[in-house]
Amino acid sequence: MDFASRDVVSIRDFSKEEILYILDHAGKAMPVARGERRSDVLEGKILATLFFEPSTRTRLSFETAMLRLGGSVIGFSDASGTSVAKGETLADTIRMAESYADAIVLRHPMEGAAKLAADFSSKPVMNAGDGAGQHPTQTLLDLYTIRTELGHIRDMNVALVGDLKYGRTVHSLAYALAKFGANLHFVSPPSLPMPPEVISHLEKRNTTFDIHRDIAEVVPDVDVLYVTRIQKERFPDVEEYNRVAGVFRIDASMLEKAKEGLIVMHPLPRVDEINPDVDATPHARYFQQAFNGIPVRMALLALVLGADLEAVL
Ligand code: ASP
């Protein structure tokens with residue numbers, strides 16, 4: 001399988017076999033991710049992380065992944081300190097970054113920004129979130145978490161809860177889970193449903209899904225409860241946000257009817273969707289999930305930059 005120089009714009013561009021190949025490599029990369037072993041397979045390589053929107057986990061885990069493999073990082077976490085503030089276009093910023101670095105990680109508020117960047121760049125571009133569009137590398141770490149925690153991905157019952165309209169993580173995850181034959185349950189306020197393009201994709205693939213308004217309806221049946229934040233920054237009108245803010249709150253008592261093996265996931269940050277009393281239950285996996293961003297992004301960087309990861313694992 002050849003990943004060298006590939007862009008990672010949409011999870012739809014990757015086959016199930018390719019996804020599993022990346023996850024296998026992530027598993028092998030774990031000792032290096034934990035700092036128990038050293039690697040320098042990316043020595044001499046430079047990664048540019050261009051973040052036009054806030055980020056904690058995605059940016060820091062990409063950077064950690066690069067450093068753990070012996071590479072270096074340049075970039076910014078706030079475009080107001082760059083020439084973007086002077087009116088530079090995204091296309092020109094990308095042209096510069098590709099001449100300085102070997103790969104680019106881009107987060108941007110505009111849907112389609114990563115695709116545009118990939119079209120302008122001869123170096124691989126990784127989509128770290130394009131507005132309400134997609135977040136493919138998050139999906140890879142989500143799948144890695146499901147696979148390591150539950151043993152496999154096939155035929156899982158997965159509930160996607162919260163802001164399904166603006167949440168890019170659930171868009172990418174729904175596309176990916178469709179490849180694995182999962183049964184999906186969508187739980188959202190009526191005003192924040194899965195977008196029509198995701199729904200029609202699922203219909204075309206004969207993916208089974210149903211729609212709910214109440215978390216209690218799905219808790220007893222699901223293997224994964226994937227909770228998301230209402231994406232305040234995407235609402236055109238704050239009043240509209242206030243109407244739906246806080247509608248879904250999960251606490252430990254709501255999980256009493258859950259299967260023993262149910263795992264609760266969340267791409268983070270959480271605002272108030274998951275009460276801290278869930279953290280101490282055997283169901284919580286969101287912090288492990290966040291850590292898994294390191295081995296998964298290590299595997300991805302090594303593959304895309306054409307490094308011989310096998311040689312050091
Ligand atoms: N961190 C995730 C994202 O950037 C989820 C979120 O912000 O709610 O999409």
Side-chain angles (χ1 to χ4, degrees), residues 8-12 49-65 75-79 104-115 117 125-146 158-177 186-189 192-195 198 224-235 238 240-241 244-250 264-275 278 284-294 296-297 300:
V8 185
V9 170
S10 165
I11 199 70
R12 289 172 62 176
T49 56
L50 313 183
F51 277 70
F52 291 76
E53 274 194 340
S55 169
T56 300
R57 278 149 290 272
T58 304
R59 186 173 63 83
L60 295 183
S61 66
F62 257 118
E63 296 189 0
T64 305
F76 54 82
S77 56
D78 181 356
I104 296 170
V105 175
L106 176 72
R107 171 168 289 184
H108 198 280
M110 185 180 78
E111 229 175 292
K115 170 82 178 71
V125 170
M126 278 161 273
N127 181 3
D130 60 326
Q134 294 200 41
H135 197 345
T137 69
Q138 174 74 42
T139 295
L140 291 171
L141 73 93
D142 294 341
L143 296 174
Y144 181 82
T145 304
I146 294 173
V158 181
L160 304 179
V161 180
D163 186 346
L164 306 184
K165 179 177 180 183
Y166 296 120
R168 54 198 175 198
T169 61
V170 282
H171 301 162
S172 292
L173 187 55
Y175 284 131
L177 287 171
F186 300 146
V187 189
S188 76
L192 300 175
M194 235 348 146
V198 180
V224 178
L225 195 64
Y226 191 97
V227 186
T228 63
R229 175 179 70 89
I230 308 287
Q231 308 281 298
K232 186 177 184 183
E233 65 275 32
R234 311 267 176 246
F235 281 70
V238 75
E240 218 178 293
Y241 169 76
V244 287
V247 287
F248 292 129
R249 287 204 175 125
I250 308 214
V264 178
M265 296 173 64
H266 192 306
L268 302 178
R270 62 174 155 180
V271 181
D272 55 8
E273 316 79 56
I274 301 183
N275 192 296
V278 176
R285 286 298 186 287
Y286 26 91
F287 296 124
Q288 181 61 43
Q289 178 189 357
F291 175 77
N292 290 341
I294 309 268
V296 167
R297 292 182 170 119
L300 199 59

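Only this structure's heavy atoms are used, side chains among them; waters, hydrogens and symmetry mates stay out. Both ligands and their constituent atoms are indexed starting at 1 by order of listing.
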Would you indicate whether the side-chain heavy atoms of Gln134 and Glu111 approach each other to under 4.5 Å?
no
Show the distances, to 0.1 Å, for all pairs joining an N/O atom of ligand 1 and a protein N/O atom that are shorter than 3.5 Å, listing one pair per line.
residue, atom, partner, partner atom, Å
ligand 1, 1 (N), Leu268, O, 2.9
ligand 1, 4 (O), Arg107, NH2, 3.1
ligand 1, 4 (O), Arg168, NE, 3.4
ligand 1, 4 (O), Arg168, NH2, 2.8
ligand 1, 7 (O), Arg229, NH2, 2.9
ligand 1, 8 (O), Arg229, NE, 2.8
ligand 1, 8 (O), Arg229, NH2, 3.3
ligand 1, 8 (O), Gln231, NE2, 2.9
ligand 1, 9 (O), Arg168, NE, 2.8

Within residues 284-294 or reaching into it, pairs that qualify as salt bridge (Lys or Arg N to Asp or Glu O under 4.0 Å) - sequence neighbours excluded
Glu149-Arg285
Who pairs with Arg57 by salt bridge (charged side-chain N to carboxylate O under 4.0 Å, His left out), at least two apart in sequence or on another chain?
none
Restricting to salt bridge (charged side-chain N to carboxylate O under 4.0 Å, His left out), what partner residues turn up for Arg168, sequence neighbours left out?
Glu53
Return the minimal non-hydrogen interatomic distance between His135 and Thr58, and the atom names on each side.
NE2-OG1, 3.4 Å
Parallel, tilted or perpendicular: which describes the rings of Phe235 and Tyr241, with under 30° parallel and over 60° perpendicular?
perpendicular
